[in-house]
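Each chain gets a letter, A, B and so on, in the order the sequences are listed, and its residues count up from 1. Since this is a predicted model, take the numbers as computed values, not measurements.
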Protein chains: 2
Amino acid sequence: MAYGNAFVALADPTRRTVFERLRHGPRAVGDVAEGLAVSRPAVSQHLKVLKDARLVTVYRDGRHQFYAIDTNGLSAIRDYLDSFWGEALQAFKTYAEKDQPKRNARRKRARR
Amino acid sequence: MAYGNAFVALADPTRRTVFERLRHGPRAVGDVAEGLAVSRPAVSQHLKVLKDARLVTVYRDGRHQFYAIDTNGLSAIRDYLDSFWGEALQAFKTYAEKDQPKRNARRKRARR
DNA sequence: CTTATTAGTAAGCTATGGCTTACGGAAACG
DNA sequence: CGTTTCCGTAAGCCATAGCTTACTAATAAG
């Protein structure tokens, strides 16, 4: 159930902002915190949550702690979501065929 | 930013359980609540959050409110996550090439 | 060795999210 | 009609998540 922590981690807007700042590559903590509305310790705390959720990884270079995106957390969520696609669509289809031969249900938006 | 609400909705374990109970098809509120550790009104509140996040839809049949999974919320999260895959791997690759010319990167998991 | 930089941790405050019980309202049912 | 079933909403309680300011540790630099 690794996706649990990952969902919690990405549910907070500030933490998501922190996460998104790593989008283009690894950055040091101070660099990530710069310009944000919250303090640097707050950013450290957010990064810890992200790390525990395997959404980021760390490595040290001198006094700098560089954080980078970890795809493990991403794929944990992804796999969880994927497990719904097939069944949800299947259930919808079954329901539509069985119960609604006449009435035309609201049309479903084509996927992607 | 529809994914924001969706992340919040799926971050709570109880709410995730409610959501998962719709996996195999639409169910009425009382049916969803049955056997859960929380009260029926609590389930109603969870369903409201899920609905606002476009993770479920509702339709009425007599006195029964049937809730079903809505793929709109799912794809909102999915799209958000997808926007990281490419860039994160790209960043990793750039880093690997620059600093680690020898080591060969891990192969990417086939998608879909 | 002293000082500066970088970052994690501790303690405490406050807002809020999830729960409960109580109530209200609509649909089936006698 | 009155009653029962089904469900949403309101009000209030309480645990906790996120923030701040302090402090501490580790590395670099002078």
Side-chain angles (χ1 to χ4, degrees), chain A residues 1-22 25-70 73 99 103, chain B residues 1-22 25-70 73:
Chain A
M1 299 194 232
Y3 50 81
N5 291 334
F7 277 127
V8 170
L10 292 178
D12 182 72
T14 306
R15 198 155 45 225
R16 245 183 357 250
T17 301
V18 168
F19 182 65
E20 289 162 8
R21 288 210 168 191
L22 303 176
R27 299 176 78 176
V29 178
D31 188 18
V32 172
E34 188 170 295
L36 280 190
V38 299
S39 68
R40 189 200 44 76
V43 172
S44 269
Q45 290 163 10
H46 283 308
L47 285 168
K48 173 168 173 43
V49 174
L50 291 168
K51 181 159 74 86
D52 291 343
R54 304 194 67 183
L55 283 163
V56 301
T57 53
V58 209
Y59 62 89
R60 196 165 58 77
D61 181 20
R63 319 176 259 194
H64 296 266
Q65 297 285 126
F66 280 89
Y67 283 83
I69 286 181
D70 182 357
D99 288 348
R103 170 159 48 120
Chain B
M1 300 197 235
Y3 51 81
N5 291 335
F7 277 126
V8 170
L10 294 178
D12 182 72
T14 305
R15 198 153 45 222
R16 243 181 358 249
T17 300
V18 168
F19 183 65
E20 289 161 9
R21 289 211 167 188
L22 304 175
R27 298 176 79 175
V29 178
D31 187 19
V32 172
E34 188 169 295
L36 280 190
V38 298
S39 68
R40 189 200 45 75
V43 172
S44 268
Q45 290 162 11
H46 283 308
L47 286 168
K48 172 169 173 46
V49 174
L50 290 168
K51 182 159 73 85
D52 290 345
R54 305 193 66 181
L55 282 163
V56 301
T57 54
V58 209
Y59 61 87
R60 195 167 57 78
D61 180 21
R63 316 174 261 191
H64 297 266
Q65 296 285 123
F66 280 89
Y67 283 82
I69 286 182
D70 182 358

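In this entry the distance linking CZ of B/Arg60 with C1' of C/dA27 reads 7 Å, nearest Å. Rounded to an integer number of Å, the gap from CG of B/Asp61 to P of D/dC6 is 13 Å. Nucleotide D/dC7 holds its P atom 14 Å from the NZ atom of B/Lys51, rounded to whole Å. As a whole-Å value, the separation of A/Asp31 CG from C/dT5 P is 17 Å. Rounded to whole angstrom, the span from the CZ atom of A/Phe66 across to the P atom of C/dA7 amounts to 8 Å. Going from atom CZ of A/Arg27 over to atom C1' of C/dT6 covers 16 Å, rounded to whole Å. At whole-Å resolution of the value, OH in B/Tyr59 and C1' in D/dC6 are 15 Å apart. Summarising the geometry, the separation between CG on B/Asp52 and C1' on D/dT9 is reported as 14 Å, rounded to the nearest angstrom.
Partners of B/Asp70 under the side-chain hydrogen bond (donor to acceptor under 3.5 Å, both in side chains) rule, at least two apart in sequence or in another chain, are B/Asn72. Legend: residues meeting ring pair (Phe, Tyr, Trp, His ring centres under 6.0 Å) with A/Tyr67, ordered by chain and number and at least two apart, are absent. A search for salt bridge (charged side-chain N to carboxylate O under 4.0 Å, His left out) contacts involving B/Lys48 returns B/Asp52, not counting sequence neighbours.
In this structure, B/Arg15 contributes its side chain and B/Leu10 its backbone to no donor-acceptor pair below 3.5 Å.
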Close N or O pairs between protein and nucleotides 18-21 of chain C (under 3.5 Å):
unit_1 : atom_1 : unit_2  : atom_2 : d
C/dG18 : OP1    : B/Arg15 : NH2    : 3.0
C/dG18 : OP2    : B/Arg15 : NH1    : 3.2
C/dC19 : OP1    : B/Thr14 : OG1    : 3.2
C/dC19 : OP2    : B/His46 : NE2    : 2.2
C/dT20 : OP2    : B/Ser39 : N      : 2.8
C/dT20 : OP2    : B/Ser39 : OG     : 2.7
C/dT20 : O4     : B/Gln45 : NE2    : 3.0

Between the protein and nucleotides 2-5 of chain D, list every N/O to N/O distance that falls short of 3.5 Å.
unit_1 : atom_1 : unit_2  : atom_2 : d
D/dT5  : O4'    : B/Arg63 : NH1    : 3.2
D/dT5  : O2     : B/Arg63 : NH1    : 3.4

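To the nearest 0.5 Å, the span separating NE2 on B/His46 from CG on B/Asp12 amounts to 5.0 Å.
With A/Leu50 as the fixed residue, the side-chain contact (heavy atoms from CB on, under 4.5 Å) test singles out one of A/Leu22, A/Asn5, A/Leu55, A/Thr57: A/Leu55.
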Using residues 26-43 of chain A as the side-chain source, report each donor-acceptor pair under 3.5 Å to any protein atom, sequence neighbours left out, with the distance given to one decimal.
unit_1  : atom_1 : unit_2  : atom_2 : d
A/Arg27 : NE     : A/Asp31 : OD2    : 3.0
A/Arg27 : NH1    : A/Arg21 : O      : 3.2
A/Arg27 : NH2    : A/Asp31 : OD1    : 3.1
A/Ser39 : OG     : A/Ala42 : N      : 3.4

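Using a 30° and 60° split on the angle between ring planes, A/Phe66 and A/His64 fall in the tilted class, from 30° to 60°.
Regarding contacts with the backbone of C/dT6, every side-chain N or O of A/Tyr67 stays at 4.0 angstrom or more from both OP1 and OP2.
Of all heavy-atom pairs spanning B/Ala11 and A/Ala11, the tightest one is CB-CB, 3.9 Å.
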